[in-house]
Every structure is written in C-alpha cells, then in structure tokens.
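Here the structure comes first, spelled out in structure tokens, and everything after it is commentary.
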Amino acid sequence: MPHDLPKAYDPTAIEDRWAEYWVREKLFAQPTPNTANQEERLDGQSPFTILLPPPNVTGRLHMGHMLNQTEMDILTRWRRMSGRRALWLPGTDHAGIATQMMVERQLAEEGTSRQKLGREAFVERVWEWKRHYGGAILDQMKRLGASVDWQREYFTMDDHLSVAVREAFVRLYEQELIYRGAYIVNWCPRCQTAISDLEVVYDEHKGHLWEIRYPVIDANGEDTGEFLTVATTRPETMLGDVAVAIHPEDERYLHLHGKKLRLPVMNREIPVILDEWVSRDFGTGAVKVTPAHDPNDFAIGERHHLPSINVMDDTAHINAEGGAYAGLDRYVARKRVVADLEEQGLLAAVKDYTNNVGHCDRCKTVVEPRLSTQWFVKIQPLADKAIAAVKPGPNGEKAIRFTPEQYEKTYLNWMENIHDWCISRQLWWGHRIPAWHCSTCHKITVARVDPTACAHCGSTQITQETDVLDTWFSSGLLPVSVFGWPNITAENRGGFDAFYPTSLLVTGFDILFFWVARMIMLGCWFAGDVPMPDGSSRSLADSVPFREVYIHALVRDANREKMSKTKGNVIDPIEIVKQYGTDAVRFTLASMASPGTDIAFNVARTEGYRAFANKIWNAARFLFMNVDRAAEIGIAVDPAALGSMPAVAAEAPLEERWIVAELHSTAKKVNQSLENYRYDDAANTIYQFFWGSFCDWYLEIVKLRLDFSETADKAATKAALTTLVSVFEAALRLLSPFMPFLTEEIWHAVYDEDPPAKSIALTRYPQAAETPADEAALAEMSLLQSLIVEVRTLRKEIGVEEKAVTPIELRIGTHLRPVVKENSAMVERLARVTEVRFADQITTGLSKHSTPDFDLAVVYERTVDVAAERERLTRDIAKYEKGLAAAERQLGNESFLAKAPAQVVEGLKKQESETRLLMEKARAALDALPRA
RNA sequence: GGGCGGUUAGCUCAGCUGGUUAGAGCGCCUGCCUUACAAGCAGGAAGUCGGGGGUUCGAGUCCCUCACUGCCCACCA
C-alpha cells in the first residue's frame, strides 16, 4: 500500500503537481449547454456563474487578488460540489493607460518613443509585449489552484469582445446617449489624456491663496485707481481669465457691476459680472472667471456667454494664448506670474491655504482641469435602470443584492448623483472609437463596419477618430460580451441562456464605481433587449449582470497599515505561499474574511494554519497506519462506505455516534455560513471540528477500538475503522474548498490511488442529514468530556506526575453511572485513571472538584498545597457568590418573572440552584482544609 | 461639507433578530518527547465590551451624546 506519507507535511512537495493536474485535466471546464434543446436547458442543474474581475494584463498578484480569488474559489468549489453547474470565468484586462505606460517606458530605455514608432507600429509592439509577458498573473492564479475554466480565458481586446464594445458604442450613439463636445475634463499632462472623475484622486496639499488686485478702468480704458481683488489658488490660470464675478447682492462690489477691469499681466479688458454661484464669505468675494480651466468657471462662462481661452497645451505648458509666458511649464509660469504681479504692486496678499488637489490615479501627476473636446455618455437613463436594479421593487425583492448591505447605500448615493461619463482617452492602446470625421461637411459618421464615405455628404474625405475608449467601457460590458452578446441568435445563445445573469460578483470596494456600477448600467441596458429563451421579453431582474455582489475588505499588513510599495510593507502572496503553502495562506484569508472588516494579515496566523494542515496530514498518517495494520489481519474498509455522509447504528459505541453527530452539525453550520459569505465562521467551524473534536477526542478514543491482535473482535475493529475512515473522508471533502491541495493529496491516498473521481473537487459536499441529531450521544459525550477534563485539572492541581495513573472517586447520580461504566476504558485512557470508584460521599483527599453533575477526587498520596487550594476555593466561592447574587436579584424581580420567556426563567433557576450547590460544596471543602 | 464604518483579553478578531456566568486563534504561564503530529499533548491566567446618559424585567447587542480612529463621496475660487 502506498500509504507512506512523510512525517511532516511539506506543501511544496505536492502543490505544484496538483495545480498542474487540475489545469491539464481540464477539471473545471464547463461546457456550454445547447439551450435550443429544452431538456438540456432544464437539466435541473442550476448554474453558478462567476466572473473573475479581470486583472490588468500587466498585473502581478498581490494579497488583494489572493483574497479575492480565495473567496471566489471557495464558493465555486463549494457550489460545484453541491451539485451546481459551476462556471468561473477568467480573463485579463488590456488596461489602456497602465499597459501603454509600461511599453512606453520600455521604448524610452531603448532610446525611442511611441511617437517615433507611429501608432500602428506602437500598437503592434504592445501586442507583442502582451504575447510575451502578459497575463503572468493568470499563471500565478493557476499555481494557487483557482478552479476556473481555463478553456474560456479571454482578453478584453479579443475580437469577439471588441465586437461587443463597438456594438455598444454604436447603439448608445444611435440612441443619442453618446455625444461629443468641448467641456472641462480632468487632464493628465503626463499621460496626455483625459481621465474620468473617478480616475482623479484628491490629496490635501498645503498651498497658497493669492489675492490679486485687478485695476478697475473707465470707459476710456484708463485706470480709475480702484481695484477689485480676487483670490486664487492657481494664479497662472489668470492668463485665461475672461471676467470677474461677484455675488448679485454683495454691497461691497455692486457699484462695479458693468465696469471693466484690466487683467493684469495680460492687459486685457474683462467685465465684472454678477453670479449667484459666488460665495461672499470665501476669499475676497470676487472670483476670477477662467472658463477653460475650471468647471465652475466654465458653467459661469456658459451662463454669461463668455469666451473660453485655453492657455495650456497637452503637457500643461503655457501655449500661445499665454502671451509672454508661452512655453513655460504651469508651475514655472505660476512663479513668474506671481513675481510679475508683485513687481507691479498688484499682489494684495499671499495666504497659506490647504486645499484638495486632484492627482492622476495612474501616475499621480497633478491633474489639470482643462477645456477639451471629448466623448461622453449621457448617463442618466442608464443610471435610472441601475438604481432600479438595486432598490427593492414593488414586491420588496431586489434584483441585485449587496453583501455587506451597507454598500448598497454607497452605490445608490453615487448612482443618484452621477455625472456624465467621459469615455474618450487620448491613447493608442485600446478600443478605437468607431467614429469618422468628414473633412468636407465636418459631420461624424459612427458605424458598425468601417465606412468608406461620410454618411452625411458622401465625401470620401473621412478619417477615423484617434481616441480610444476608457478601459472600463469594455470591462463594463464583460458580463454580456463574454457570453456572446451582441450575437445572440437562436443557434448561438446557449452560453447567454445558461450563464446570464451571472450568480455573483466578488470584488473589492475600490472598483465599486469603476467597474461594478458600470457593469450594472451597461448590463441592464443591453441585456434588457435580449429576449428570454422562450422569446418573451426580459425583465430587469433577468437583465442584471449578476444577482449578488459580495464586496470584500482590504488586506492590510499586521499593523493594520495599508500595504504600499512606498511604505515597503507589501506582503507578496507568492513568497508567503512558498513559505507556508497555498492552503495555509488561503485558510488564513478565509478565516479572517469577516464581511465588512479589513484583514490585518499576520503570518503568525498563517503559521497556525500550516500547523493545522500538518495536523490533518498526521491524522491521515495515523489512519493509514491502522488501515495497513488491519489489512494484515484481513480487515478492509469497504469503499462503498465512503463518499457520502457517514451514519452509524444506534448500538454503535458512544464515540462513533458522537463524532458522526458532530460531523453532521459541522456540515450544517459550514453550509449555512457559506450561504451567508461567512468564510470566517465556516473556516473556524471546520478547524474546530477537525482539530478539536476529531483529533483531540475521537482519535484518542478510537485507539481503544483498533485492536489488531489475534484475539480481536474483528467485526468491532472493522466497524470502528470504517467509521474512522468514512468520517475522515467526509471531513476532507468539507475542508477541500478551503485547502484544495492537501485534501486532494490525502483523498487520493484514502482511495489507495484508485479514487471514484478525478478529483475531490468533483465529489459531493457533505450535507447534514434531515433526521434530528443524536442528542443522547452529544449529551453523554459531553458529560464524559467534562469528567475527563476535571480529572486532568485536578491531577495538575494536586501535582500528580504526568505519567502516574491513579484511581478516582466519583459521586454521580445513579442514572449517569451507566454512562461512565460503559465508557470506563475511555475515561481511564484519556484521564490516566486506573479505576473509577463510585461513592455516595467523597472520602479521599483534601482536594476535590465539583460540577453540577458530579463530585470527584483523585486518589493519590501527595501533600496538598493547602495555601493554593485555599486560594482556588476562595476564588471559586467569590465567583459563585457573584453569579448567585445576580441570579437571585433577577429571580426576585417580579417583572422579570412575568415578562421573560419561560425558558429563560427556567434556565436561570437551574443555574441558580446549581451555583448554590457548587458554592456550598466549595465552602465545605474550604472548611475541611487544615488551618494554616 | 456630506455619507459610511470601527472602538470587546497583551495582539488579531467573532459575538445572528437584546435573554442564563462574553468566545476563538496567536501570545503568555505550568507540566509532558503519552510511537499520527514538539508545526505536538495536557492544564492555566487574562476582559468594569471607548466615556456618559437613556429605553427595557434584562444591553456587548437598541436609542441619544461625547471622544478617538479609519474609509468613501463633494465644482467653493
């Protein structure tokens, strides 16, 4: 028998092998059913579909990924083993800016640039990079054992997904939900592209508020000697000022309304205008208006029909509109402008001022709000649906349910205050916008197929838009596009019918708006048009991209600090995995993944779970050792006894009935916990069962039954061995979603390398029996456990050497004596007892222990530490008195007796009488001690 | 400026719709190489549940308030 496992568990020895095996054998491939075939569509297997949030193709695995993937893998493995048609779909995101940046950096090292290469060559270069280095993160995922369907791996720029992107764009354009125009956008001068509001991160920045005096001039353009002082945080933008606004009711300045000012530095005449938006108590109460460089100013400009003067180029250098400052970087220009103002006596004040400055999410460069012509999605109609999908409907049902629930509010709050979405990016890597500009009539042609002529005037002088789409536009479409949308035809709709809507999305809150919200908007919008398999129209509930969203927390370091490269506290999951094994790291994450709580990742805990893996490993060694010994005398466990939920005969030994009852209750709890995304509860429950109940108690007891001697009762030995192996095998299945490698290895060994399936992952997940638990077994075992523990404690207290065996004296109700008698061997072995002497009164020794069920003494000649004993008893008495007083107080309270449920009152009464008894016994024992 | 969390043992965290004497892991103390496992076994100590007030027969749990702390959103120059 190949049951020779090494003594210590070594994850590195087994994990690579299984990871490769799972991929090679395509174990988790989920074929697309043919839904034209009614039977195949309704084969009773409710699918469980889950999309992997596609990592950037440039990405490397970090702890957040590992948490995300561990959670998804646990749920997918669990659902699969529970009989669902499980599909976990992986892929990578082309990640426009990130990938382009990476390749550009490479080019820079080679002394060239994308501009030198030209667009076509550059894009080809990125593809080449992708083919060589892209998707390394998916290989890391394979190593972690993610049970995804690798046959379906996608890339967001794959042809069929690009078709979906184009269709979505064209359709929205036709529906007049996409428009192009010049507005203030967030411009990153380093990436040289517009970015969306979400891609701007704000940081507190200590800067200044400059107060600048704008001279008031008369009708002839001469200075009147009066000034209007404005305040600004960005003096350089004054080059583009076109007015100064004051509040319509501001008495201080009203007399200046209609007058003109001379814009310092530029010497341009600008008007003083009135606008409600101006806040009288901020700064000086007068605002310089720069429509091309500030969203508020832009709005004012619109209201007052003012021109917009863009004074900066794509790199945030001052352009020709900036007169003498042309060519200067924005911050150089700022200094120069301030210096010039000061020289001209126009700088009224410089005040320290802290404000929020927007930075590019990607490269952290300060974003420049800047007038620019971009493409936008008119988002409100999509948002309306996305709101309806999350709010409770008329029947109280929600089409999409968030866990933790609090994120629903966050989502709705954002969705209800949403702004139009800038979807164009001035990049080369991405889905190029399918719009063509006509140089003849200057109109735009948007088309599904590349046009050869302008749709408006027929001119062939057309050129394609150079912008590409925001990466999130394509990833937002994934739930529909990966299942074939828009080509949903009668013959070709199996994937969509079977797997859409997906069951669940598991992700971090950091991409709640970026991705989750966009998927909901786009999914509801486009899937809504796809008829149901029977041809009927699709409700909102069936249009959503997923029915549930589980948002997990952040993985922090052991000190609760956010992991970051600059702080140098990043824990590389691969490193930890190498050290402790994937299973231990997975179990760490799972056991700490309490919904809504960040995870402070502590390797001490991982060490603990490696020990857990080792524990199971050694339990397996123990089992195999006994299986082998049994084989020598012709006893073998029938494999038919494995693979299901173990059951035992009513007359089976107590420990067998007990461990089986425990297994069932564990399975029940674990299933319930997973149902509610309580990975932590599920993991802890299994841990407690495996280590606590199974190893610490059951294995120790069962040793008594594993008799392989000549005189053995072979039937009894075989029965014990069968329960042992079958409970262990079921427990392995219970654990396998959490620790897939270890359980796979041992499971194959249990079946002596001839398993009933290719993998433990393809077996059935343990489910508790419907029949009620064996309460008697649980109660009897609990009594014996407390007896054994009390003996051990007492032995320790009176200083019995570890090795010594002693008789005990036991006073216990006659109805409980049989339980002890029938299991005396258990008590003797586990508590190092030679003999249980039943007594009506404890006579031995000075030290005894009492519980509500029994009094106990250990028969052992040893001087008792009277002082220690007195201390212990005094402490106990104090504890009892306190408890008793509390109980009496409550029981004396008539409203408590009247209002509290009977069971609570009864429970308290029982506790009161038990405590009273224990207290009396403790007092008596204290009195019996010799005086000091 | 809005909104949402958190505060429970030395550390990291559980504690469901309020119900008997608040739990786990790690750490700590004590004793054991008991042939599955020293990555182990056995026993133990340790918490006025952030402060204050309220509701209730009963509050870690519900309400108010204060303090500290974290996060998200926001166009005040």
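Below, chains carry the letters A, B, ... as their sequence lines are ordered, and counting in each starts from 1.
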Is it the case that the side chains of [Y] and [X] hold a donor-acceptor pair, with the cut-off being a distance below 3.5 Å and no angle test?
X        : Y        : result
A:Ser591 : A:Asp680 : no
A:Tyr353 : A:Thr233 : no
A:Asn356 : A:Asp203 : no

Original post:
Once the angle between the rings of A:Phe509 and A:Tyr407 is folded into 0 to 90°, is it parallel (under 30°), tilted (30 to 60°) or perpendicular (over 60°)?
Top reply: parallel

Check the phosphate of [N] against [X], side-chain N and O only, distance under 4.0 Å to OP1 or OP2. Yes or no?
X        : N      : result
A:Lys615 : B:rC41 : yes
A:Lys703 : B:rA36 : yes
A:Thr793 : B:rG44 : yes
A:Trp691 : B:rC41 : yes
A:Arg605 : B:rG25 : no
A:Arg678 : B:rG15 : yes
A:Lys7   : B:rA36 : no

For the [atom1] atoms, the ones on [N] and on [M], what distance do you get once it is rounded to whole angstrom?
N      : M      : atom1 : value
B:rA22 : B:rC49 : C1'   : 8 Å
B:rU7  : B:rU12 : C1'   : 14 Å
B:rC63 : B:rU56 : C1'   : 12 Å

Whole-Å gap separating [atom2] ([N]) and [atom1] ([X]):
X        : N      : atom1 : atom2 : result
A:Gln579 : B:rA39 : CD    : P     : 16 Å
A:Asp876 : B:rG44 : CG    : C1'   : 13 Å
A:Arg829 : B:rU34 : CZ    : P     : 13 Å
A:Met826 : B:rU34 : CE    : P     : 23 Å
A:Asn355 : B:rG1  : CG    : P     : 16 Å
A:Arg792 : B:rC41 : CZ    : C1'   : 9 Å

Minimum-distance nucleotide (side-chain atoms of [X] versus [options]):
X        : options                : answer
A:Pro901 : B:rU34, B:rG19, B:rC75 : B:rG19
A:Asn614 : B:rC37, B:rU12, B:rA77 : B:rC37
A:Leu699 : B:rA77, B:rG31, B:rA36 : B:rA36
A:Val904 : B:rG40, B:rG19, B:rC76 : B:rG19
A:Lys409 : B:rG40, B:rA77, B:rC4  : B:rC4
A:Arg621 : B:rC4, B:rC37, B:rG19  : B:rC37
A:Lys796 : B:rC4, B:rA77, B:rG31  : B:rG31

Subject >> Side-chain touch A:Val833/A:Val805, heavy atoms, less than 4.5 angstrom >> reply: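 Counting from C-beta outward, A:Val833 and A:Val805 never come under 4.5 Å.
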
Original post:
RNA chain B in dot-bracket, Watson-Crick or G-U pairs under 3.5 Å, [ ] crossing, | other strand?
Top reply: (((((((..((((.....[...)))).(((((.......))))).....(((((..]....))))))))))))....

Original post:
With a 4.0 Å cut-off on heavy atoms, is A:Trp277 in touch with a base, just the backbone sugar-phosphate, or nothing at all?
Top reply: base

For nucleotides 70-74 of chain B, which of its nitrogen or oxygen atoms have a protein nitrogen or oxygen under 3.5 Å away, and what is each distance?
from, atom 1, to, atom 2, distance (Å)
B:rA74, N6, A:Asn356, ND2, 2.8

**OP:** Measure from NZ or CZ of A:Lys703 to the centre of the six-membered ring of A:Phe622 and say whether it is under 6.0 Å with the direction within 45° of the ring axis.
**Re:** yes

Original post:
Would A:Tyr687 and A:Tyr609 count as a close aromatic pair, with their ring centres under 6.0 Å?
Top reply: yes

Any N or O donor-acceptor pair linking the side chain of [X] to the base of [N] at under 3.5 Å?
X        : N      : result
A:Ser895 : B:rU56 : no
A:Lys899 : B:rU56 : no
A:Glu700 : B:rA42 : no

